[in-house]
Amino acid sequence: MTDKKYKEIAELGEFGLIDHLTEGIKLKHKSTIHGVGDDAAVLNYGNKMLVVTTDLLLEGIHFNLIYTPLKHLGYKAVVVNLSDVYSMNAIPKQITVSIGVSGKFAVDHLDELYEGIKLACEVYNVDLVGGDTSSSLTGLVISITALGEATKNKFTLRSTAKKNDIICVTGNLGAAYMGLQLLEREKEVFKSTKGAQPNLEGYDYILQRQLKPEARKDIIELLNDINVIPTSMIDISDGLSSEMLHICKNSDVGCKIFQNKIPIDLNTEKMAREFNIEPLIAALNGGEDYELLFTVNVTDFEKIKNQPLIHPIGHIISKENGTVFITESGHSIELQAQGWNPLKKK
Ligand code: ADP
Ligand code: MG
């Protein structure tokens with residue numbers, strides 16, 4: 001048995017692993033409308049749909065306590081879950097919070113963490129209704145589950161985009177990634193130059209986008225006000241390219257996205273230039289923006305076209321025509337989830 005060849009997890013990658021582990025799961029209950037595969041599960045509870053989503057955050061993998069204040073961490077841990085609820089076009093109502101705590105933490109530290117958690121609950125109007133607490137061998141573990149409500153004909157999946165739909169993105173992209181680059185750089189300077197104070201002045205916007213992101217509650221309210229139900233939606237946690245490909249794969253369609261339509265903030269652009277990173281790369285592949293990516297029927301275009309927070313960036317095409325990115329100079333490139341760098345090809 002010792003010569004059995006095990007399959008490496010890296011061969012599958014995160015999404016491949018999830019597909020592999022959840023393959024063959026059969027849903028037993030009529031109330032389970034959608035299980036694994038979207039930002040949240042959708043459950044039918046009478047007049048309302050319940051959506052459920054959970055996230056796991058590990059010290060050293062998802063956050064670094066050297067530059068992440070615990071209050072911000074608590075706030076962000078809640079927000080990333082609420083973002084998954086909003087991306088179903090649902091309203092979050094409750095969360096549970098589970099933590100694993102190693103010996104290096106004192107009560108005061110956890111108080112700080114919970115200050116952030118409670119603040120997010122106030123800001124987003126959700127109730128903290130339970131959780132679990134354990135010790136941990138290797139640092140801080142935070143797992144949050146969020147529950148939300150949607151009306152029956154209004155929840156939005158990743159799998160329902162249709163040919164000719166307009167692809168929209170909210171806010172701007174790449175800022176959180178540039179915030180992370182800045183924090184990582186200053187951490188290195190701090191480590192190598194004894195006592196050097198981090199130079200973070202003038203970078204408030206990208207730092208806030210990384211350390212204290214917000215979920216797009218406002219957009220869900222806006223879409224409701226202007227009477228638009230997206231045909232599909234996902235939140236942008238892993239970068240625009242990756243999320244766009246999720247929608248295309250799950251909806252069995254292709255897409256055409258235009259470089260000159262991708263919203264990038266001036267602060268992001270400035271920081272990217274300083275780092276010699278093409279701002280577009282940060283926007284396409286940088287994660288943690290927690291903006292929403294959605295599609296709307298062309299008949300709804302009039303309603304969204306003058307909304308300052310919503311940017312049409314392209315449209316859905318048939319699967320046979322591929323997932324296409326049109327550069328500023330008019331070249332057509334295949335959209336790729338990672339490691340794609342058009343500048344390198346030149
Ligand atoms: P998101 O980035 O929106 O949080 P993920 O990529 O983490 O979504 O997950 C995609 C889907 O796979 C979700 O439906 C999630 O609930 C499900 N999922 C992730 N990990 C597991 C797991 N270990 N077992 C079962 N389902 C999982
Ligand atoms: Mg998501």
Side-chain angles (χ1 to χ4, degrees), residues 12-16 18-20 22-23 34 36-40 84 87-89 155-174 219 223 228-264 278 280-287 289 291-305 310-345:
L12 296 176
E14 181 191 344
F15 303 130
I18 295 174
D19 285 347
H20 176 80
T22 58
E23 198 185 319
H34 290 282
V36 171
D38 220 297
D39 294 297
D84 276 324
S87 73
M88 305 302 287
N89 206 15
F155 65 88
T156 49
L157 301 171
R158 299 175 178 185
S159 54
T160 39
K162 297 276 177 312
K163 190 177 161 186
N164 297 330
D165 286 352
I166 314 282
I167 302 167
C168 303
V169 73
T170 62
N172 63 74
L173 300 173
I219 299 291
L223 290 171
V228 171
I229 302 174
T231 53
S232 72
M233 184 149 57
I234 189 168
D235 70 327
I236 305 185
S237 46
D238 296 331
L240 176 67
S241 302
S242 172
E243 314 298 358
M244 191 67 244
L245 293 174
H246 278 314
I247 286 188
C248 288
K249 181 174 172 230
N250 291 25
S251 299
D252 214 25
V253 294
C255 65
K256 191 180 258 190
I257 289 182
F258 296 87
Q259 175 175 5
N260 59 5
K261 304 277 186 209
I262 309 256
I264 300 176
E278 180 58 33
L280 180 66
I281 300 300
L284 288 178
N285 296 331
D289 287 315
E291 295 291 349
L292 294 170
L293 172 67
F294 58 91
T295 54
V296 298
N297 193 285
V298 275
T299 53
D300 280 332
F301 183 62
E302 282 298 312
K303 297 187 204 163
I304 52 141
K305 75 169 192 209
I310 299 178
H311 312 283
I313 57 167
H315 54 269
I316 297 290
I317 58 180
S318 66
K319 186 183 175 183
E320 295 69 45
N321 290 324
T323 52
V324 183
F325 184 80
I326 308 290
T327 66
E328 243 152 21
S329 51
H331 288 103
S332 177
I333 299 173
E334 194 193 332
L335 195 64
Q336 282 176 17
Q338 260 156 23
W340 172 77
N341 187 343
L343 295 180
K344 273 191 184 158
K345 287 188 183 149

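FYI, side chains are in, hydrogens and waters are out, and symmetry mates aren't considered; it's all heavy atoms of this structure. Nothing fancy with the numbering, it's 1 onward along the sequence. Just so we're clear, the structure is a prediction, and the values are computed from it rather than from any experiment.
Between the side chain of His311 and the main chain of Gly171, a donor-acceptor pair closer than 3.5 Å is present. At distances below 3.5 Å, at least one donor-acceptor pair connects side-chain atoms of Ser251 with backbone N or O atoms of Ala161. Judged by distance alone, with hydrogens and angles left aside, the side-chain atoms of Asn297 form a donor-acceptor pair with the main-chain N or O of Thr299 at under 3.5 Å.
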message: Please determine whether side-chain contact (heavy atoms from CB on, under 4.5 Å) holds for the pair Asn89 and Met233, giving the CA-CA distance in whole Å, both sets of side-chain angles, and the decisive distance to 0.1 Å.
response: CA-CA 8 Å; Asn89 206 15; Met233 184 149 57; 3.9 Å; yes
task: Evaluate side-chain contact (heavy atoms from CB on, under 4.5 Å) for Leu293 paired with Cys168, printing each intermediate quantity in order.
output: CA-CA 6 Å; Leu293 172 67; Cys168 303; over 6 Å; no
message: Set out, in order, the CA-CA distance, both residues' side-chain angles and the distance that settles side-chain contact (heavy atoms from CB on, under 4.5 Å) for Ile166 and Val298, then state yes or no.
response: CA-CA 6 Å; Ile166 314 282; Val298 275; 3.7 Å; yes
- request: Please lay out, stage by stage, how Ile317 and Val253 fare under the test side-chain contact (heavy atoms from CB on, under 4.5 Å).
  value: CA-CA 6 Å; Ile317 58 180; Val253 294; over 6 Å; no
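Scanning both residues, Asp289 and Gly174, for their nearest heavy atoms gives OD2-N, 2.9 Å. Residues Pro230 and Val296 approach most closely at CA-CG1, 4.2 Å, considering heavy atoms. Taking all atoms of both residues into account, the shortest heavy-atom contact from Ile236 to Leu173 is CD1-CD2, 3.8 Å.
Two residues are said to be in side-chain contact when any heavy atoms from C-beta on lie closer than 4.5 Å; Leu223 and Ile229 fail this criterion. Side-chain contact check for Phe258 versus Glu328: every heavy-atom pair is 4.5 Å or farther apart. Counting heavy atoms from C-beta on, the side chains of Asn164 and His315 never come closer than 4.5 Å. Between Val169 and Leu292, every side-chain heavy-atom pair lies at or beyond the 4.5 Å cut-off. At least one side-chain heavy atom of Asp238 sits less than 4.5 Å from a side-chain heavy atom of Phe15. Here the side chains of Ser87 and Thr156 are not in contact, with every heavy-atom distance at 4.5 Å or above. At a threshold of 4.5 Å between non-hydrogen side-chain atoms, the residues Lys162 and Ile316 do not count as touching. With contacts defined as side-chain heavy-atom distances shorter than 4.5 Å, the pair Ile333/Val324 does not qualify.
Here Ile167 contributes atom CD1 and Leu240 contributes atom CG; the two are 9.0 Å apart, rounded to the nearest 0.5 Å. Between Lys163 atom NZ and Thr295 atom OG1 the span is 15.0 Å, to the nearest 0.5 Å. To the nearest 0.5 angstrom, Ile326 atom CD1 is 10.5 Å from Leu335 atom CG. Distance check, rounded to the nearest 0.5 Å: OG of Ser242 to CG of Asn285 gives 8.5 Å. Within the model, atoms CD1 of Ile234 and CG of Asp39 stand 5.0 Å from one another, a figure rounded to the nearest 0.5 Å. Atom-to-atom distance recorded for Leu280:CG and Gln259:CD is 4.5 Å, nearest 0.5 angstrom.
For Lys303, the NZ atom sits in a packed shell: over 12 heavy atoms of surrounding residues, nucleotides or ligands are nearer than 6.0 Å.
Thr231 and Asp165 are linked by a side-chain donor-acceptor pair at a separation below 3.5 angstrom, with hydrogens and angles left out of the test.
In this structure, Arg158 does not pair ionically with Asp84, as no charged nitrogen and carboxylate oxygen lie closer than 4.0 Å.
Two rings, from Phe325 and His331, have their centers 6.0 Å or more apart.
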